Amino acid sequence: VMPDLSQLDPNFITRSLDGETDLVFRSVREDPFEIHGLIAAPDRFRRLPEDLVADANLVTGIGELCKHTAGGRVCFRTDSDTIAVYAVMPGMYLMPHMAFLGSGGFDLYERKDGRQTYTGSFIPDKNNHESVRAAVTFGEHRERELILEFPLYSGVCEVYIGLKKDASLTRFSGYTRKVPMVFYGSSITQGGCASAPGTSYEAILSRRFDSDYLNMGFSGNAKGEKKIMDYIASLPMSLFFYDYDYNAPSVEHLQNTHYAGYRAVRDAHPDIPIFVCGRPNFGNPENDAPARRAVIRSTYDRARAEGDHHIYFIDNAEVFRTFYEDGCTVDGCHPNDHGFFRMADVFAEAIASASEE
């Protein structure tokens with residue numbers, strides 16, 4: 001029997017809440033905590049309203065996936081030198097190609113002068129799939145503005161944050177870009193298979209632009225449905241990334257839904273930048289990426305011909321030219337952290353260019 005690696009290398013020991021007696025736990029549903037990217041429904045956190053996905057065509061797919069907390073965050077200020085998390089979960093996915101921290105854990109970032117810096121993770125116990133109980137401690141006692149990133153592929157019912165008994169707790173000052181960036185797409189958009197919540201490309205972009213964001217990625221189930229696109233179009237947004245070709249059942253389905261989904265968002269938001277893009281692993285020979293790219297390009301060309309000067313085509317055949325060959329995925333499909341960082345670079349350049357126009 002192989003020993004637990006933490007017995008051989010103490011750096012692999014994860015810190016639990018055992019022995020933490022000087023902490024007061026508060027629900028993140030209460031002031032002054034601020035919840036971003038999620039709807040705080042009574043039973044659990046969600047990314048879509050329950051009544052939106054109640055019909056039979058959506059409930060088994062998006063209806064379940066919208067309970068995953070990808071892109072969810074809690075923001076607050078405190079001078080506590082210990083931050084603890086107790087999260088109640090309905091269960092976690094233990095996947096062979098995705099780190100348990102990414103699918104079921106939490107990341108903590110400090111925001112200072114508009115810059116976010118990683119400060120620690122709350123790592124699940126591999127033997128406990130119904131809660132996360134962990135803590136991080138800072139070496140210096142001072143006030144910090146903190147952002148807690150939620151799991152990418154798990155549901156969360158409740159989160160309690162533990163702070164030292166005499167610690168301060170005040171409201172988050174707010175992102176520089178308060179109107180969120182919105183991202184719609186497949187499992188890649190949801191965050192599969194990032195090693196941690198903070199390494200999805202949306203989280204990286206949020207840090208680079210100090211921006212709020214909404215993750216509307218639905219693993220295997222983003223198919224451009226009119227009901228979903230109309231809801232997304234109703235959301236406040238500063239820009240929109242439209243990237244679901246991987247989940248379209250066929251090229252014909254993509255053809256029948258892609259322009260219509262773009263149109264729904266554009267009609268609701270006449271002036272925001274809209275970025276249309278296809279799958280990053282264009283070079284994988286086991287797909288029909290060229291035909292799907294042509295559909296996406298046709299939406300862009302039609303929109304430009306109709307006078308839309310705020311639509312941008314991110315050509316996956318060019319900017320992600322060696323994504324597959326360079327080992328940017330874990331399985332030929334889902335990005336690893338290197339892949340997500342590369343995606344964030346490409347998308348950040350597109351955002352910056354659009355902002356200059």
Side-chain angles (χ1 to χ4, degrees), residues 47-48 52-53 55 57-58 61-62 65-66 181-190 192 201-202 213-235 237-284 286-320 323 333-335 343 346-347 350-351 354:
R47 291 184 290 148
L48 294 175
L52 179 70
V53 293
D55 68 73
N57 293 326
L58 297 174
I62 289 182
L65 291 162
C66 74
M181 305 182 289
V182 177
F183 303 86
Y184 174 69
S186 65
S187 55
I188 295 173
T189 305
Q190 184 170 331
Y201 75 77
E202 298 95 337
Y213 71 100
L214 293 172
N215 185 328
M216 293 284 115
F218 302 106
S219 189
N221 283 269
K223 300 176 183 177
E225 300 95 337
K226 183 180 186 304
K227 189 173 184 179
I228 299 300
M229 294 311 303
D230 286 347
Y231 172 75
I232 289 174
S234 74
L235 298 170
M237 61 182 76
S238 59
L239 56 83
F240 180 57
F241 270 84
Y242 191 39
D243 172 21
Y244 73 99
D245 73 302
Y246 232 127
N247 286 173
S250 65
V251 174
E252 291 73 23
H253 179 96
L254 188 66
Q255 183 84 53
N256 292 333
T257 56
H258 196 268
Y259 176 82
Y262 148 76
R263 191 72 255 171
V265 175
R266 175 53 78 214
D267 287 347
H269 302 277
D271 300 318
I272 67 165
I274 295 179
F275 303 89
V276 294
C277 184
R279 62 187 66 184
N281 58 341
F282 187 86
N284 188 333
E286 297 182 2
N287 61 46
D288 51 3
R292 292 170 184 255
R293 174 194 174 276
V295 173
I296 297 166
R297 176 74 197 203
S298 71
T299 291
Y300 168 78
D301 289 340
R302 180 176 174 182
R304 293 287 293 183
E306 292 171 344
D308 187 346
H309 299 295
H310 301 293
I311 187 171
Y312 303 88
F313 175 60
I314 300 176
D315 191 349
N316 53 326
E318 294 295 327
V319 295
F320 296 131
F323 196 91
C333 173
H334 301 94
M343 291 181 72
V346 168
F347 293 163
I351 293 170

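Only this structure's heavy atoms are used, side chains among them; waters, hydrogens and symmetry mates stay out. Every value quoted in this text rests on a predicted model; they were computed, and no experiment measured them.
- For A260, there are no side-chain contact (heavy atoms from CB on, under 4.5 Å) partners, not counting sequence neighbours.
- For R297, the salt bridge (charged side-chain N to carboxylate O under 4.0 Å, His left out) partners two or more places apart in sequence, or in a different chain, are D301.
- Atom CD1 of I232 and atom OH of Y184 lie 6.0 Å apart (nearest 0.5 Å).
- By the 6.0 Å and 45° rule, R302 stacks over the aromatic ring of Y259.
- Checked against side chain to side chain donor-acceptor pair (under 3.5 Å), T257 has the following partners two or more places apart in sequence or in another chain: Y244.
- Evaluation of the salt bridge (charged side-chain N to carboxylate O under 4.0 Å, His left out) test over residues 246-255, restricted to residues two or more places apart or in two chains, returns none.
- Qualifying salt bridge (charged side-chain N to carboxylate O under 4.0 Å, His left out) partners for D267, counting only residues two or more places apart in sequence or in other chains: R263.
- The two residues A248 and L254 make their nearest non-hydrogen contact at CB-CB, 3.9 Å.
- When all heavy atoms of R47 and N215 are compared, the pair lying nearest together is NH1-O, 2.9 Å.
- Shown here for C277 and F320, the closest heavy-atom pair between the two residues is SG-CE1, 4.2 Å.
- Evaluation of the side-chain contact (heavy atoms from CB on, under 4.5 Å) rule for S186 yields I188, Y246, N247 as partners, not counting sequence neighbours.
- In summary, of the residues considered (Y213, Y242, Y201, F240), a ring pair (Phe, Tyr, Trp, His ring centres under 6.0 Å) with F347 occurs for Y201 alone.
- S234 is linked by a side-chain contact (heavy atoms from CB on, under 4.5 Å) to Y231, counting only residues two or more places apart in sequence or in another chain.
- With contacts defined as side-chain heavy-atom distances shorter than 4.5 Å, the pair V182/M216 qualifies.
- Here A354 pairs with P273, F275, Y312 under the side-chain contact (heavy atoms from CB on, under 4.5 Å) rule; sequence neighbours left out.
- For the pair H309/R304, a side-chain contact is recorded, criterion being any heavy-atom separation below 4.5 Å from C-beta on.
- Residues meeting the salt bridge (charged side-chain N to carboxylate O under 4.0 Å, His left out) test with D243, sequence neighbours left out: none.
- Residues forming a side chain to side chain donor-acceptor pair (under 3.5 Å) with R279 (at least two apart in sequence, or on another chain): D245.
- Contact annotation: the side chain of D315 never approaches that of F282 to less than 4.5 Å [non-hydrogen atoms, C-beta and beyond].
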Practice task
Carefully, step by step, assess I274 and H269 under the rule side-chain contact (heavy atoms from CB on, under 4.5 Å).
Solution key: CA-CA 9 Å; I274 295 179; H269 302 277; over 6 Å; no
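- Here R266 pairs with D308 under the salt bridge (charged side-chain N to carboxylate O under 4.0 Å, His left out) rule; sequence neighbours left out.
- In terms of heavy-atom proximity, A264 sits nearest to M229 at CB-O, 4.3 Å.
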Exercise for the section: Give the intermediate values and the outcome of side-chain contact (heavy atoms from CB on, under 4.5 Å) for residues N287 and R292. Expected result: CA-CA 10 Å; N287 61 46; R292 292 170 184 255; over 6 Å; no
Problem - Pair I228-L48, side-chain contact (heavy atoms from CB on, under 4.5 Å): steps then yes or no - result: CA-CA 9 Å; I228 299 300; L48 294 175; 4.1 Å; yes
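- Between V53 and C66, the closest heavy-atom pair is CG2-SG, 4.2 Å.
- Annotation: salt bridge (charged side-chain N to carboxylate O under 4.0 Å, His left out) contacts involving residues 213-229, sequence neighbours excluded, comprise D55-K227, K226-D230.
- In this structure, the separation between CZ on F183 and OG1 on T189 is 9.0 Å, given to the nearest 0.5 Å.
- Around the CD atom of E306, the shell of radius 6.0 Å holds more than 12 heavy atoms that belong to other residues, nucleotides or ligands.
- Among all heavy-atom pairs drawn from Y300 and I311, the shortest one is CE1-O, 3.5 Å.
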